[in-house]
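In this chain, residues are counted from 1 in sequence order.
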Amino acid sequence: MYLFASQGPVDEFAHDPARTRELVHETADRLGPNGAADAVAEVAYEYGRYPEAAAAHMRACLLAVESAGFRTFIPAARTAVTR
């Protein structure tokens with residue numbers, strides 16, 4: 001969603017994984033601590049306003065993020081501590 005919210009044109013990131021990563025990080029920094037919620041709001045707004053264009057833009061964003069090789073960190077499960 002951060003790439004979609006970046007408003008970067010598809011031509012700018014579609015074939016450049018480094019630019020995709022830059023746009024995602026720049027947008028996350030710009031949106032701040034509530035970034036995920038703000039990004040969701042921007043996506044919803046664009047889908048409501050331009051549904052035909054938003055769907056194609058989201059597909060391009062998803063393909064670009066997949067190609068950029070982002071890794072998701074999932075912390076290990078914690079064990080309960082009893083006293």
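Each side chain to side chain donor-acceptor pair (under 3.5 Å) pair with one or both residues in residues 29-40, not counting sequence neighbours, would appear here, but there are none. For residues 2-14, the set of pairs meeting the salt bridge (Lys or Arg N to Asp or Glu O under 4.0 Å) definition, not counting sequence neighbours, comprises E12-R19.
Partners of Y47 according to the side-chain hydrogen bond (donor to acceptor under 3.5 Å, both in side chains) rule, which considers only residues two or more places apart in sequence or in another chain, do not exist here. Every side-chain contact (heavy atoms from CB on, under 4.5 Å) that A53 has, sequence neighbours left out, goes to Y50. Legend: residues meeting side-chain contact (heavy atoms from CB on, under 4.5 Å) with H15, ordered by chain and number and at least two apart, are absent. Take A37 and apply the side-chain contact (heavy atoms from CB on, under 4.5 Å) test, not counting sequence neighbours, and it matches no residue. In this structure, the side-chain contact (heavy atoms from CB on, under 4.5 Å) partners of V10, at least two apart in sequence or on a different chain, are F13, A14, H57, A60.
Counting only heavy atoms from C-beta outward, the side chains of T20 and V65 approach each other to under 4.5 Å.
With a 6.0 Å radius and a threshold of 12 heavy atoms from other residues, nucleotides or ligands, E26 has its CD atom above the threshold.
The minimum heavy-atom distance linking L23 with T27 is given by the pair O-OG1, 2.8 Å.
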Give the intermediate values and the outcome of side chain to side chain contact (heavy atoms under 4.5 Å, CB included) for residues F4 and E46.
CA-CA 9 Å; F4 188 96; E46 290 299 320; 3.6 Å; yes
Do E42 and L31 pass the side chain to side chain contact (heavy atoms under 4.5 Å, CB included) test, and can you show the C-alpha distance, the side-chain angles, and the key distance before you say yes or no?
CA-CA 11 Å; E42 285 189 39; L31 294 176; 3.7 Å; yes
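Y45 and M58 are not part of a single hydrophobic cluster, where members link through side-chain heavy atoms under 4.5 Å apart.
With rounding to the nearest 0.5 angstrom, the CG atom of L62 is 11.0 Å from the OG atom of S67. Taken to the nearest 0.5 Å, the CG atom of L3 stands 11.0 Å off from the NE2 atom of H25.
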